[in-house]
Every structure is written in structure tokens, then in C-alpha cells.
Amino acid sequence: MAQPLPPSRTGSVGPPSAGGMGAPPASTPGGQGPNSQQNLNQIVLEYLNKKGYNRTEAMLRKESHNLDPNGQPIITRVGDSGGKKWSPAFKLVKHWIENGLDIYKPELVRLEWPLFVHAFLTCVSDCYYDEAQNFFKEFRGEFEEERSQELQVLAKIHVPEHVQTNELASVYRREKYAVALSPMAWAMLVEFLEARDRDGGDVIFATLTEHIRVVTFNRATTARGLQKLMEEKESENKRGVMWGGEGIPSHKPGSANTDPNASSALNKLSLAPMPMEADLMEDVRADLSHDDSMHPPAPGQSTLVDQFEKTIKQEPQDDAAPSRDAIPFPPSTARDVAMEVQKVRENRDRFKIEGRTGGVGPGVSVTMFTFHNTFDSVNCIEFSGDNALVAIGTAESYIRVWSLDNRALTSPQDPPGFQASSSRRLIGHSGPVYGISFSPSAALPEPATNGHTTSAGASETQPRYMLSCSADSTIRLWSLDTWTNLVVYRSHNSPVWDVRFCPHGHYFVSSSADRTARLWSTPQIAPLRLFVGHDADVETIAWHPNGAYVFTGSGVGDKTVRVWSVTRGEQVRIFTGHTGNITAIACAPNGHVVASADDKGEIMLWDLRTGEKTKTLKGHGRGGIWSLDWSVESSVLVSGGADKTVRVWDVQPNKEMQAKANGENGTSAKTDGATTGGGGAVSKTGKAKGPVVSPDQISCFQTKKSPVYKVRFTQMNLVMAGGAYLELA
Amino acid sequence: MSVWNPENVTDVAESIGIASLNRDVVEHLARDVEYRMSQVLNEALKFMRHAKRTTLTTQDISQALRLLDVEPLYGYESTRPLRFGEASIGPGQPLFYVEDEEVDFEKLINAPLPKVPREMSFTAHWLAVEGVQPSIPQNPLTDPRSAELAAKGSGANNTLAAISGNDNVSVKPLVKHVLSKELQLYFSRISTAILDRTNDDYRSAAFASLRTDTGLHQLIPYFVQFVADKVTHNLKSIFVLTQSMQLIAALLENQSLYLAPYIPGVVPSVLTCLIGKHLGTPAVDGPTTHFALRDYASSLLSKIARQYGPTSSTLKPRIARSCLKHFLDSHKPFGTHYGALLGLTTIAGSQGVRALILPNLKAYDAHLQEGMKDEGKKEQAEFVVSAVLKALESLLEDAMGGAAANGHPKGEAVRERLVEVLGEVVGGRVLEGGRQELIAAVLERDLVV
């Protein structure tokens, strides 16, 4: 705001219509009015002068001075300029942040987004339509990279009613957005805003106090040294470093505790495997010793019983196991025994995949199943646990199951003379099918090459049920013996996006567009638990291997991964950090790490015990990572996505690399840069700016034209991948 | 300012009879329409994402409308993206519309029915084998350079290793298969040893090692290649061929090796030794030594077929086909016929002999007689006759038996029948042998048919 020229002092002090509210000069009648006004001021001033009210006179002179020649008051405070105030105010604080001290920049930069959103929303709800749009257009480019999806939604908000009804906007208006600042940065910011009060500082400050929760944290305690910060700044983009607790849920980093006064200590989770039933354990042991006597282990192999004892004993001291009483299961049957026996056998015989310990990384074998003539109607692909069946859910509301070994899928209900083929169509849903899950099963034991072994449990370990969920907001349970629909579960009132069987069977969870996830048990048609808390669609869902926790991931407006306790139905962890819709979650078989992927092409690894992010894996192109899975040893992660690749990732936390990077003055950062160019070359998208590939990628396998919908590690550590070949693309 | 033109709102208002609409109201409505449309689109995008697609379809819009409690737009169902036409209603004012072709009813009725869309199916292939993407048609062509770049791991690890003071990082060579020094040495020793004519102990030690050593897996492709090489280039040397066959035999005997993937590479070499045209040099080795080699090769082949036939459905038919082809080719020398007969007998068994050899014997007889008359070839022809007899012996396995006793024709009649089936030479031999059960087994074919 340039100071306007002072009005001429000759003859009059005040301009014609001092304080004329909203009355444009054109509408004031004739020259008589202003003259009388002028005279009035003159008279008053003379009066004050005569009376000797010097100070009042000075004040009047000063105040009447601040009018432009037309008699409008000249606004010097940005805060008083209505809808136009936001642009200069935001620019002011942005400029300060970006030219401030480098140490605080990564923290302070995080303030820009919530300020931007609230400035825009306030502007709209104050009915400054055009100003709001101009403001939005002016600054949206800053956030395009990280927040494109939110921007897409916000861009169309025009009138106050939209602010109230839009889900994203109302979440922002209702909840406070948490941002972490160190005390020093916070103090500096406050000081600056106060000093520049007139230039818009007060506007920003009001927004800060009203809509944003600034959490101050001590750098020393969070082990966030200066050097680390600098290094992170180098490696991350210029949008700064996202703090673990940033965002709407406004929780402590990692924990699900949204009470700001609560201690930051995390409640402990029971991450150990579910203990086995005593009876079952006895049966399994008996079966194993029988097996051992029948087929003595080859030299160098341990006996099955030894292997079994080892797996049972292997209970880490720092993890509690969930109690069997808390999560009741039906009593075990012969089938469970057979499955456990098979698990032990696989544990002994499988091809072990070690993590990458300085080497090139394990060689993983991938079998790709490509579906042809789909016309892009396949929504999801699922393989059964015994590697014998594959099921697809289609946009045409039906499910189709094939046997992978070309075995005919027979049913006792087949009419006589019916020629069963190797595929079955399951018809029942009335909307596109988005999720399928097979009940747990174990692979058939390999027929031994020497001698004739027919294992009794073989035929019993195949999956018997399958779940599917659909846009018709139902979940259906299918029998794989008769190939018919058994149960319809209705409770969700929006499309159901995903459904997963519990790793031990009996229970399952579903996630829906109604922002809830629900826990069910197969014999009951009403849900047992409702997991409510997400501020957007619950896009994907996964189980903890011990069956005591459930992971949910949600879409735009929330973008969090939450961990729920099955027994209590509460959130126990919230992980923030994704910048896109969460498209896949998978928990490591060891139960300590969970991986989540978004449609911006990032995979994040979270440590469940500490609630911290341990790694970000970049490399996938945009468009969604549809599936994640862990090797049985939890040493390697495999992912498949819309960019038509299957990628294998190293998941070991690379402590030494970071430490070295510090010492070597960021040499590794440079190498990253070099490999980045390579990543761009690999992706055949031909974009000028290819995706950055993080050095944790062990390998990347491209398919010809098939987006990868599903990847799965078998119990023997072979990767099965499924995708649909796109003729048109 | 909204993207949605406020005039559209005025138009709609006029169409439903509201003549004058306040300017503010129009603008407000236009803004609202734009917001509602984006709402629908955002919901539709969700459906697109969950269908794992990258193109938005009309169904997604219908689903989104349903989710927002709005009646969906009917009549726009389409499985492929809609085609939009563009018309201009003024400068810079394009108008888009869905292209709707005019259909001639008459033509539509008389047109042939469209083809039934192809059935959905799936195929499986290896996307990666132990971390390496095989270059098969199902996989995209990979530029070796980009593959190098894709191996991010190695780059990152070079730095890691360099940082940790271990600077002499071994750079991965372009050859994917790396052999240790020891294995290389072993390979060269073995390959020289088995071709050493002078030292029997040396040779047998080498074979013994091949038979028992457990760590040879890495070397299998090299041995297979070695054998193929030696066989193709040393057809004149019975010794080299025999040694090559013994090497394969040794590998087959080794319990710890898994040879199945290499069988297709081994079989041609064995077949060469079985039905090769000219094996060895008759002047040096004598005219009949190659029959011993052929015998050995056939035993090897039967072993392979026994061991790996069940895992490869095409293995046996392939071998049988090539044997039969060579047997029926009368231009080939007797040696080849001999080998082919042996091969067929071992691979196809009695069933095969009955189905493949027996019907052809009569025709073959002429060729055989010719050979018998020629002194130079008589010896070779004798071998073939013996091979035929051996093949006929195998018929005994599944002969019905018993039939011989009752009322079989005797004497001259038998002779006639035999000659009719087997031809002059072989028929005579069978009769001379005088084994009733064999004669019965041979003639059984007639009875069965």
C-alpha cells in the first residue's frame, strides 16, 4: 500500500465526505454537501483551536488526513481490505518463510498449506467469490505436487454453502490442522506477525490461532539434529519435511491419541503371533512326528518336530501375544491340523529370501498371470492361499474363478452329465465387484518324487469359502464346494471397497465409502465392530498376521493409515505422511512393520512399536500401487501397480547409509541424484521428469502392457502377480 | 467467474418458463452447478480408481450419481470411451456433443451378426527368474543399458561399500552367470580327462566324480554345451562320441543334480549318436563298432525317457517321431535304421512296436533283401535284422498268450502269414527261431484287429 499523496491543506483540512460510508462521491448531491462538510470540519477545528483542545485537534487533523481525494478512507491496514486482504497477507508470510533461516524453513514451510486452505475457505465463506478464486489461482501452483487431489476438490468451491457441505472443506473447518514447530521458530513467527501487524500479520495470526494447532517440540528430544534436518532438506523436496503428526487428526506422531495434553508415550501393542490352542498343538506335534518317522529328513535338514518347536519357542520377549480368549475362534478341526503341519513343512523347506545386506539383493522369481480379452472390466484379482485358484471381480458384477492347474471345478450340485470346466462364474452382486478374499488355505504338499506319498491332509487344506464386496454395498460369502452364494452381509450403506479374511479364518473386515470399516464373523449377519474415525472413504484394509489388529487406509481429505484393535474397536495408531489416496496396505509376517502405498507412487514403512516411519520407497509411477506383499521372512517387499511394473524392495532400515551420508557431506545424496536420471530413463513414459527411484529398489520388472493388480508371495517365497492385458492402451 | 457459463443457466431457466432471472441468482446457480459437477466427477474418480482403470467411463458417472442419491443418466452406457463431436456456434465457442450415428434399420437387420467377443482367459509366464527378467516374447524388450540403470541396488551399494572402506567392489559383469575359479578349473580338468585316450584311470576317476559330486549344478549348462560341441564336431571319432555319452550318463546318475531344464539340450546329442548317418571311420574302427555306440545311446535315451518323460509331455513323442522318420527313410544307411529301431523300441515300448514298426516291416523287407544280397552291406543288414527281432521280442510283454496253443496254423501256413506280416527276411528268421510264443505274439496283431 503506497501512501497516497496528502490532500492539499489549503483552505480545508478534511476532504469532502469524511467518513462517508459506502456513499460514492458521484451520488452525493451537488457541490453543496462537500462544501458544508468542509466548512463543518473548518468550524470544528477552529472551535477546538479556540478552546485550546490541542490534542483533539491534532487527532482530527491526523484522521481526516487519511482520506483520498474522493473522500474515501485510505486503508493502510491490510486486514481491513475485505477479501483482498488474503493475497498480500499470505504473500507476506510466505516470503518471510522462504527467505528466513534455513534451519527453520523445513518446519515453517509446512504452515503454508493449512494457511492457504483456510485463507481460501474463509474468503469464500465471506462471499468474496472472485477474490477467493484469484487467490486460489495465484498460489495453487505451490502445492500442486503434494496436494493435487485436494486442490482438485477445493478448486470448485465457490459459495459459502459449498464450504459447509463439502466433505474436505468441512473437515478442515471443523478440525484443527496440526503443525509442529520448534519453540524458536514459533517465537520468531509470532514476533514477525506482530511486527507486521498492519501488513496482514494480524490476519495470518487470527487464522493460526483459530484453525491451526501449533505443536511445539523440542528438537533435542526428538533427536532431530541440525545436520539431520539439513540433510533431510536436501533429499526431500522443497516442501519441507512432514512431521509424523501433521494434519487433521491432530494426533501425536504414530499414536492415535488426539488429546493434546496426553503424554506422548505409546501404548503397547501385542504383536507376537497368536498362541496355538493346546489341543491343536498336541495334534500337530503327533502328526509331525509321524511324518518324520515316515520320511526321515534328508541330511542337513532338521526334523519337522524340531522345526515346529523352534517356531513355537520363537517368542520375542518384548512382544506380548494376544490372548486366545479375547478373540474366540471355533474349535480346531482336522483341517487346521493339516494346515499347521503343512506350514511347518514349508517353513523348513522353503527357499529362504535374505534381506539385502550390502549385496545386490535376493533374486526373486515372479510368475505373471496375464488376463486377456478383459476389455478393462477386471476390477480385482485374487489368488488362493493354496495357489490352486484365481478369482477376478468384474465391472459386470460377476466373479469368475479359474483353477490354475486346469483342474475341472466340480460341484456336487452339478446335474448329471454336466461337463465341469476349469472356470466358474459366480453371479449374485448387482454392482461392480471391488474386492475378493479367499478363506485361509495351505498349498498342497508337493508329491514326493521318490516313493508314493499321498498325504491325507492334502485335499482338506484347499480354501472352502470366498468373500466378495461390491458397489451394491453388500458383502457375499460363497462356497467353493458348491459354487453358490451362502450369505449376504448387509450393513454398509455405501459401496464396499475392500474385504479381507482374517489370517485364521472365521472373522473378516470390510471397508467402505461410508467412511467406516467393519468387523464381521462369518456366521453372523451383523457386524461385530465398527471402526469409525476416518474422515474420508476407507479405501483399503489389511490384517495383522496375529489377527488382533486391523489396518485401514483412506483417501483424499484424510490420507492416514490407522491401526485398530479388534478386541476393543479403538484406534491404536495413526500414521500420517502419504500425499495420495492409500491404495494398498500389507503387514509384515513378523508383525512389526506395516507397508502402505498410495496412488502417487510412494510406499511407506511404519514401525508399529515406535509408531515411526522407517522408510519411504519411491520408484513407482503415478496411478496407484494396487498391491503389496511381504516375503515370508519379512525381508523383502514386493509391489505391483498401474505403471505396469512389479518392483522388489529392500526393507531393512538403512541406518549406516544415513550415518555415512552425514559424514561424507552428502555424497550419497549425489548418487541418488545420479540414479534418479537412470530412473527416468527406465520408465518408458517419456516424461521429462521421471519418477525418482530410491536406492532401496532391488529390482523392477516391467510387463508388456498389463497393469499389475495383485502380487502375492507364496509360502515358498515365489511371487505370483496378476494383471489384465490392455489391448487399447 | 466460473467455468460454467451463466448463460446456460438462463437458457435452462427460460426453457422451463422462468423468463427473467436475477443476474446474481444466475451467477450463484452457475457456481453451484460447477461445484456439483466437480462433486460428481470426484466421486466417479473413486469408482475408476477402485476398478483399477485409468479411463473414466460412463458407468463410473452413473455409480457416482447413485452414491450421491441422484438418479443416474440412462442411455449413455458404453463399454468404451464416448466419442465426442465438436461443432462451432461462434468464434472460440466450441460445442461438444456425443456422436450418435444414424442407423439404417433395414441394414442393421440384414447385417451379419457381430462376432462373439473372445472368451476371457489367462496365460502364465515368468516375469522374473531369480531376479533376472528372461527375454521371452511375453516380456517387454529390455534395453541392456536401461537394465543396467535399473539395477539401482548395485549403484547404491557401490557407494555403501566404498564408504565402508571396501573400495574394490566387484562390478557385475555383463555375463549373468558367474563361475568360481574352482569350478572353472574343475570343468577344464574333467573335460580333458574324459577325452584322454591314454589313461583309463584318469577317465574313470573323472566319471566317478561326475557321478557323485554334489556341487556341480552350476556346470551343467557348460557340460551340456560341451557334449553338443564334441558330438557335432567329432562324428568321425567313435571314442569321443562314446566318452560324451558316458559323460551324460554320469550326469544322469548324479542324484544331486536336477537335469530337467537341460534335457532338451541333451537329447539332440544322444539322438545323433543313435541315428547318425556315419559314425566313426570304418577304416579305423572297423565297420561294426558304431553299433555298440548306438546301443549305448539307446540305453541312455531310454533312461532319459524313463526319468524325465513324466515331467515333459512332449519329450517322448518328439523322440519317437524323429526315430520313425529316420527308420522310414530308405536312403539312410542301415546304421541309422538300426538306431531308429532301437530308439523306437526303448521309447515307445511294445505298443509302439506294434503300432509303428510292425506295419512298416513288410515294406521295409524289400530294402532289407537288397542289403542282404550286397556283400558290403550284409553285415550291417544283419544288425538291423537283429534289432527288428529285438523289437519283436518286446511284443511278448503284452502278448495275450494262451492263444498260441489252440488251433494256430502250422507249418507252411505260419510261414506264409509271417512273411505276409514281417516280410521275407525277418519272417524267415522268426520262423527259424522256432519260438511259438514269439510267433504268436507277432501274429496276434491280426487276431486283435
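The chains referred to below are lettered A, B, ... by the order of the sequence lines, with proteins before strands, and numbering in each begins at 1. Keep in mind the model is a prediction, meaning the values are calculated, not measured.
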Q: Over all heavy atoms of both residues, which pair between F47(B) and P495(A) is shortest? Give the atoms and the distance, please.
A: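 Closest pair (atom of F47(B), atom of P495(A), distance): CZ-CG, 3.6 Å.
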Q: Distance-only, no hydrogens or angles: does the S365(A) side chain make a donor-acceptor pair with backbone N or O of E130(B) under 3.5 Å?
A: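 Yes; at least one donor-acceptor contact below 3.5 Å.
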Q: Is a donor from one side chain sitting under 3.5 angstrom from an acceptor on the other, for H28(B) and E161(A)?
A: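 Yes, E161(A) and H28(B) have a side-chain donor paired with an acceptor closer than 3.5 Å.
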Q: So how far is it from E27(B) CD to D130(A) CG, rounded to the nearest 0.5 Å?
A: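 Reported to 0.5 Å precision, the distance equals 7.5 Å.
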Q: Picking from T540(A), N166(A), I392(A), which has the most non-hydrogen pairs under 4.5 angstrom with chain B?
A: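 It is N166(A).
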Q: Determine the option with the most heavy-atom pairs under 4.5 angstrom with chain B, choosing from M720(A), H372(A), R400(A).
A: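 Greatest number of close heavy-atom pairs with chain B: H372(A).
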Q: Under the side-chain contact (heavy atoms from CB on, under 4.5 Å) rule, what do M368(A) and Q138(B) come out as? Steps first, then yes or no, please.
A: CA-CA 10 Å; M368(A) 176 82 193; Q138(B) 289 92 330; over 6 Å; no
Q: Only heavy atoms, only distances under 4.5 angstrom. Which residues in residues 37-45 of chain B are near chain A?
A: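 So far as heavy atoms go, S38(B), N42(B), L45(B) are the residues that approach chain A to under 4.5 Å.
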Q: What residue, out of Y725(A), F369(A), F701(A), Y709(A), has the most heavy-atom pairs lying under 4.5 Å from chain B?
A: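 Among Y725(A), F369(A), F701(A), Y709(A), the one with the most close pairs to chain B is F701(A).
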Q: With only heavy atoms counted, which part of L404(A) is less than 4.5 Å from chain B, the side chain, the backbone, both or neither?
A: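 Contact with chain B is through both the backbone and side chain of L404(A).
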Q: Does any heavy atom of chain B fall under 4.5 Å from the side chain of D537(A), the backbone, both, or neither of them?
A: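 Side chain only.
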Q: Relative to chain B, which segment of V378(A) carries a heavy atom at a distance below 4.5 Å: side chain, backbone, both, or neither?
A: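 Answer is both: backbone and side chain atoms of V378(A) are under 4.5 Å from chain B.
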Q: Taking atom CZ of R53(B) and atom CG of N379(A), what is their separation to the nearest 0.5 Å?
A: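 Between R53(B) CZ and N379(A) CG, I get 6.5 Å after rounding to 0.5 Å.
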Q: What part of N493(A) lies closer than 4.5 angstrom to a heavy atom of chain B: side chain, backbone, both or neither?
A: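 The answer is neither part of N493(A).
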Q: Less than 4.5 Å to any heavy atom of chain B: does that hold for the side chain of N134(A), its backbone, both, or neither?
A: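 Neither part, no heavy atoms under 4.5 Å.
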Q: Checking V364(A) against chain B: side chain, backbone, both or neither under 4.5 Å from a heavy atom?
A: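 Contact with chain B: backbone only.
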Q: Between atom OG1 of T165(A) and atom CZ of R36(B), what is the distance when rounded to the nearest 0.5 Å?
A: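 So the gap between those two atoms works out to 5.0 Å.
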Q: Between I157(A), V556(A), T367(A), which has the largest tally of heavy atom pairs under 4.5 Å with chain B?
A: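 Answer, by heavy-atom pair count under 4.5 Å with chain B: T367(A).
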Q: Nearest heavy-atom pair of P140(B) and Q702(A): which atoms, and what distance?
A: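 Heavy-atom minimum between the residues: CD-O, 3.1 Å.
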Q: Calculate, to the nearest 0.5 Å, the distance between atoms CG and OG1 belonging to D643(A) and T54(B) respectively.
A: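 If we round to the nearest 0.5 Å, D643(A):CG and T54(B):OG1 are 11.5 Å apart.
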Q: Should the pair W497(A) and H50(B) be assigned to parallel (<30°), tilted (30 to 60°) or perpendicular (>60°) ring geometry?
A: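 Because their plane-to-plane angle is under 30°, the rings of W497(A) and H50(B) count as parallel.
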Q: Please answer whether the main-chain N or O of P137(B) pairs with a side-chain N or O of K704(A) as donor and acceptor at a distance below 3.5 Å.
A: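 Yes: the side chain of K704(A) pairs with the backbone of P137(B).
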Q: I want to check something: taking the side chain as every heavy atom from C-beta on, are K52(B) and P707(A) in contact at a cut-off of under 4.5 Å?
A: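 Side-chain contact under 4.5 Å: no.
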Q: Does the side chain of R49(B) reach to within under 4.5 Å of the side chain of W626(A), using non-hydrogen atoms?
A: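 With C-beta onward as the side chain, the pair touches.
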Q: Is the Y35(B) ring parallel, tilted or perpendicular to the H162(A) ring (thresholds 30°, 60°)?
A: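 Taking H162(A) first and then Y35(B), their aromatic rings lie parallel (interplane angle under 30°).
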Q: Heavy atoms, side chains only, cut-off 4.5 Å: are W126(B) and V366(A) in contact?
A: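 Heavy-atom side-chain distance check fails, nothing below 4.5 Å.
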Q: Given heavy-atom pairs under 4.5 angstrom as the criterion, report whether the side chain, backbone, both or neither of R66(B) touches chain A.
A: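 R66(B) has no heavy atom closer than 4.5 Å to chain A.
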Q: Take atom CZ in R23(B); do more than 12 heavy atoms of anything else shown fall under 6.0 Å from it?
A: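 Incorrect, the count does not exceed 12.
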Q: Could you check if a side-chain atom of M120(B) sits within less than 4.5 angstrom of a side-chain atom of S377(A), using non-hydrogen atoms only?
A: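 M120(B) vs S377(A): side chains touch.
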Q: Got a second to check how far S494(A)'s OG is from K46(B)'s NZ, nearest 0.5 Å?
A: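 S494(A) atom OG to K46(B) atom NZ measures 8.5 Å (nearest 0.5 Å).
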